[in-house]
Q: 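Shown below is the structure under consideration.
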Amino acid sequence: MTLGARRIAGQHDRSFNEVRHATCCVIGCGPAGAMFGLMLAREGVDVLVLEKHADFLRDFRGDTLHPSTMQIMDELGLADGLLQLRHTKARKITARLPGRTLTVADLGRLKTRFPYITFMPQWDFLDYITAEAKRYPTFRLEMNAEAKELILEGGTVRGVRYETPEGPREARALLTVSADGRSSPFRGQAGLKMVRTSPPIDVLWFRLSRREGDPEDTFGYAGNGRFMAVINRSEYWQIAYLIRKGEYESVRARGLEAFRHAVGEAIPEFAGRTGELGNWDNVKLLTVQADRLRRWHGPGLLCIGDAAHAMSPVGGVGINLAIADAVAAANALAGPLGEGRVRSRDLVAVQLRRELPTRVIQALQSFAQRRVISTSLQQGGAPSLPGFVRFLLSLRPVRGIPARLIAFGVWPEHVKSRGPAMEAGLIQVAERSR
Ligand SMILES: Cc1cc2nc3c(=O)[nH]c(=O)nc-3n(C[C@H](O)[C@H](O)[C@H](O)COP(=O)(O)OP(=O)(O)OC[C@H]3O[C@@H](n4cnc5c(N)ncnc54)[C@H](O)[C@@H]3O)c2cc1C
C-alpha cells in the first residue's frame, strides 16, 4: 500500500484504530511540537501530534514569549489574536541590587513591532496554537497519547508505539519528531548521544499575590547571597528563587518560616504576604538541567526543542529556542515531507541552522551561572561582573547586545512560506462541513 493510501485508511476507517498513519508524527505538544505541527499543517503536510497529557494545564513552565517569537507569530498572521489573550509585558529587565537598581536590558529601544517580553500562561499559548492548527485538515492532535517506544525497522525509525486510555496504538510515519522535552527517552532508544553540563543552581518557584500599589515591572533581585526573578502575572507575582545545586533539602530543613523570612528580607514589600506560602507544596523545585545532543537526528528521526537541548532557565529563553527550532525544521522539511521523501541532508540542515545559536546561548547561561550567580550565592555578597565584561559593556556598540540576544537570540528564524496550502485546506474544510 502506498503511504498516501495508508494515510487515507488511517484517517477514515474508524474500525482501524490501532494504527495511525501520517507523513510526520510529532511526539509532544509543547511549544516546539505545537508550532512544528501548525507549520507543517499550513503547508498541507499530514501531521499527527501525540501529547501524553489530557490538557495543557501545567503551572510553573516557561511563560515568556520574546520578540523573536512574537515576530514569528506575526509572520503567521497570529500575533494580534495572541495579544488579545490575557498577558503582561516587560519592556525593561531591571535588577535590584543592595542600594541601587540596574537596567540589565532595555528592549524598548529595539527596532521591532514587539519591543517587550510577553508573559502569558503556557497553556493559553498552546491552546491558541493548537486551535489555529486544527483549522487545517491535515493536522491531527491526540491528547492522552503517551509515546512509549520507537518503531525501528532496519535501523530506521518508522514511527512510535503509544498508549491511550482505549489501549495501545502505533503511529507510523515517514518522519518522527521527538519534541517531548528534556527527559525524552527516544534519543537513547535511537542511540543519540548527549553532551551533559552540570549547572551549579536549582530554582524554587512560587507565587505571591499582587496588591494595590505594587510595582508594574518584572524585575530581578540580587544581593546578600540571594537571587530572585520576580515576574508580574497580573493577579500574582511568579517568583523564581535560585539556590545552589543540591541545597534544596537543607533549605527545607531550615524550615518554611526561615524561607519566608529570606524572601521578605530581600523584597521588603513582600514581607507581609509570605504567609501565603502555607506549606512546601506551594514551593516547586526545578532541577536545572542543561545538555544537548551531539547529533539531533537519525534515520527517520529528528529531535527539536528541549529534547535536543535542555536549557537553563537563565534569561527565560527555552520556549523561544524551542519555537525557533520548530520554525527552522518546518522551513527545511515541509517541502521534502510534501514530496514524500526526507533525506539525511534535510535533517542535517536543521541541526546546522540551530546548533550554533543554541551553543552560544548555553555558553552565556553557563557563564552567568558560574561567574555571577553561583559565586554570589556562595560568597553571600552582591553579584559583580568580571572586569573584562564590565569594560566590554561600557563600550557603546556592545551595550545593546544583551537586549538583542535576549530578544532575538543569535539569529532569529523567519517563516519561509506563507502557507500556500491554507486557502486550499480551509476550502476543503468548508466544503466538508457543508
Ligand atoms: C519550571 C520551569 C520554568 C521555566 N521557565 C521558562 C521561562 O520563563 N521562559 C522560557 O522560555 N523557558 C522556560 N522554561 C523552559 C521551557 O519551558 C522549555 O524550554 C520549553 O517548554 C521547551 O519546549 P519543548 O516543546 O521543547 O518541550 P516541553 O515544553 O517540555 O514540551 C514537551 C511536551 O511533550 C509532552 N510529552 C512528554 N513526553 C511525552 C510522551 N512520551 N508522549 C507524548 N507526549 C509527551 C509533554 O507533556 C509536553 O507537553 C522553564 C522550564 C521549567 C521546567
Side-chain angles (χ1 to χ4, degrees), residues 25-37 48-66 68-69 90 93 117-123 125-127 129-130 141-150 160-164 169 171 176-187 189 202-207 218 229-231 233 238-242 283-293 296 302-326 329 354 358 361-362 365 406-407 409:
C25 171
V26 182
I27 306 172
C29 196
M35 180 60 85
F36 184 64
L48 170 64
V49 182
L50 305 175
E51 168 54 50
K52 72 175 176 185
H53 288 104
D55 55 40
F56 297 123
L57 281 176
R58 269 151 279 152
D59 210 351
F60 298 119
R61 301 305 310 266
D63 291 332
T64 51
L65 304 178
H66 290 205
S68 57
T69 297
I93 301 173
I117 295 175
T118 309
F119 292 94
M120 176 178 290
Q122 198 180 107
W123 58 86
F125 178 70
L126 293 176
D127 275 339
I129 296 281
T130 50
L141 169 62
E142 267 195 67
M143 303 298 286
N144 267 324
E146 182 168 2
K148 290 289 186 189
E149 184 194 13
L150 294 176
V160 69
R161 297 191 179 88
Y162 63 104
E163 292 288 340
T164 72
R169 284 185 185 153
T176 301
V177 172
S178 156
D180 51 319
R182 60 189 192 146
S183 308
S184 171
F186 306 110
R187 308 167 292 195
Q189 290 180 18
D202 284 331
V203 181
L204 301 178
W205 285 97
F206 56 92
R207 292 172 174 203
T218 282
V230 183
I231 303 168
R233 305 304 303 270
Q238 182 177 337
I239 301 173
Y241 184 104
L242 276 53
V283 182
K284 304 269 182 265
L285 170 70
L286 164 67
T287 306
V288 174
Q289 182 183 326
D291 55 40
R292 64 175 182 275
L293 288 175
W296 295 20
L302 173 69
C303 301
I304 58 171
D306 273 18
H309 48 73
M311 305 300 293
S312 151
V314 170
V317 291
I319 294 187
N320 303 278
L321 261 80
I323 288 175
D325 286 359
R354 294 304 310 156
T358 305
I361 298 293
Q362 284 189 331
Q365 288 178 322
I406 290 172

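Both ligands and their constituent atoms are indexed starting at 1 by order of listing.
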Q: Considering only heavy atoms from C-beta outward, does the side chain of Trp123 approach that of Asp55 to under 4.5 Å?
A: no

Q: With a 4.5 Å limit on heavy-atom distance, are the side chains of Phe186 and Thr176 in contact?
A: no

Q: Please identify which atoms of ligand 1 are closer than 4.0 Å to at least one heavy atom of Asn320.
A: 11 (O)

Q: When only distance counts, is Gly305 in polar contact with ligand 1, meaning an N/O pair under 3.5 Å?
A: no

Q: Is there a side-chain contact between Phe125 and Thr118, using heavy atoms and a 4.5 Å cut-off?
A: no

Q: Which of the numbered atoms in ligand 1 are below 4.0 angstrom from a heavy atom of Glu146?
A: 41 (N), 42 (N)

Q: Polar-atom distance check: Ala32 versus ligand 1, any N or O pair below 3.5 Å?
A: yes

Q: Report yes if Asp306 has an N/O atom closer than 3.5 Å to an N/O atom of ligand 1; otherwise report no.
A: yes

Q: Please state which part of Val317 comes within less than 4.0 Å of ligand 1, counting heavy atoms only: side chain, backbone, both or neither.
A: backbone

Q: Please list, chain by chain and in numerical order, all residues satisfying ring-ring contact (aromatic ring centres under 6.0 Å, His included) with Phe119, sequence neighbours excluded.
A: none

Q: With rounding to the nearest 0.5 angstrom, report the CD1 to NZ distance, Ile27 to Lys148.
A: 12.0 Å

Q: Could you check which of Asp180, Val203, Asp55 puts a non-hydrogen atom nearest to atom 37 (C) of ligand 1?
A: Asp180

Q: Going from CZ on Arg292 to CE on Met311, what distance comes out if it is rounded to the nearest 0.5 angstrom?
A: 10.0 Å

Q: Please list, in number order, the atoms of ligand 1 under 4.0 Å from a heavy atom of Ala179.
A: 32 (C), 33 (C), 34 (O)

Q: Looking only at N/O atoms, are Gly33 and ligand 1 under 3.5 Å apart anywhere?
A: no

Q: Would Glu51 count as a contact residue for ligand 1, given that I'm defining contact as a non-hydrogen atom of the residue lying under 4.0 Å from a ligand atom?
A: yes

Q: With respect to Ile319, determine whether any N or O atom, backbone or side chain, lies less than 3.5 Å from an N or O atom of ligand 1.
A: yes

Q: Check Gln122 against ligand 1 and report side chain, backbone, both or neither, counting heavy atoms closer than 4.0 Å.
A: side chain

Q: Can you sort out which atoms of ligand 1 are near Leu50, meaning under 4.0 Å from one of its heavy atoms?
A: 43 (C), 44 (N)

Q: Just jot down the ligand 1 atoms closer than 4.0 angstrom to any heavy atom of Gly316, in number order.
A: 7 (C), 9 (N), 10 (C), 11 (O)

Q: With atoms numbered from 1 as shown, which atoms in ligand 1 lie under 4.0 angstrom from a non-hydrogen atom of Gly318?
A: 10 (C), 11 (O), 12 (N), 19 (O)

Q: Distance from Met120 atom CE to Arg233 atom CZ, nearest 0.5 Å?
A: 9.5 Å

Q: For the atom pair OG (Ser184) and CD (Gln189), what is the distance rounded to the nearest 0.5 Å?
A: 8.0 Å

Q: Are Thr164 and Asn144 side-chain neighbours, meaning at least one heavy-atom pair lies under 4.5 Å?
A: no

Q: Distance check, rounded to the nearest 0.5 Å: Leu150 atom CG versus Cys25 atom SG?
A: 9.5 Å

Q: For ligand 1, find out whether one of its N or O atoms is nearer than 3.5 Å to an N or O atom of Arg182.
A: no

Q: For residues 316-324, dump all side-chain donor-acceptor pairs below 3.5 Å to protein atoms at least two apart in sequence or in another chain.
A:
unit_1: Asn320; atom_1: OD1; unit_2: His66; atom_2: N; d: 2.8
unit_1: Asn320; atom_1: OD1; unit_2: Thr69; atom_2: OG1; d: 2.6
unit_1: Asn320; atom_1: ND2; unit_2: Thr64; atom_2: O; d: 3.3

Q: I want to know if ligand 1 touches Pro31 in the polar sense, i.e. an N/O pair below 3.5 angstrom.
A: yes

Q: Does any part of the side chain of Thr130, heavy atoms only, come nearer than 4.5 Å to the side chain of Phe56, both counted from C-beta?
A: yes

Q: With heavy-atom distances below 4.5 Å as the criterion, would you say the side chains of Pro185 and Asp180 are in contact?
A: yes

Q: For atom 40 (C) of ligand 1, which candidate among Pro185, Ala147, Ala308 holds the nearest heavy atom?
A: Ala147

Q: Checking contacts here: is it the side chain or the backbone of Phe56 that comes within 4.0 Å of ligand 1, counting heavy atoms only? Could be both or neither.
A: neither

Q: So which bit of His53 gets within less than 4.0 Å of ligand 1, heavy atoms only: side chain, backbone, both or neither?
A: side chain

Q: Give yes or no for whether the N/O distance cutoff of 3.5 Å, strictly under, is met between Thr64 and ligand 1.
A: yes

Q: State, with a plain yes or no, whether a side-chain heavy atom of Thr218 is found less than 4.5 Å away from one of Ile117.
A: no

Q: What atoms of ligand 1 come closer than 4.0 angstrom to any heavy atom of Gly28?
A: 33 (C), 34 (O), 35 (C), 44 (N)

Q: Pull out every atom of ligand 1 sitting under 4.0 Å from any heavy atom of Ala145, numbered as shown with elements.
A: 42 (N), 43 (C)

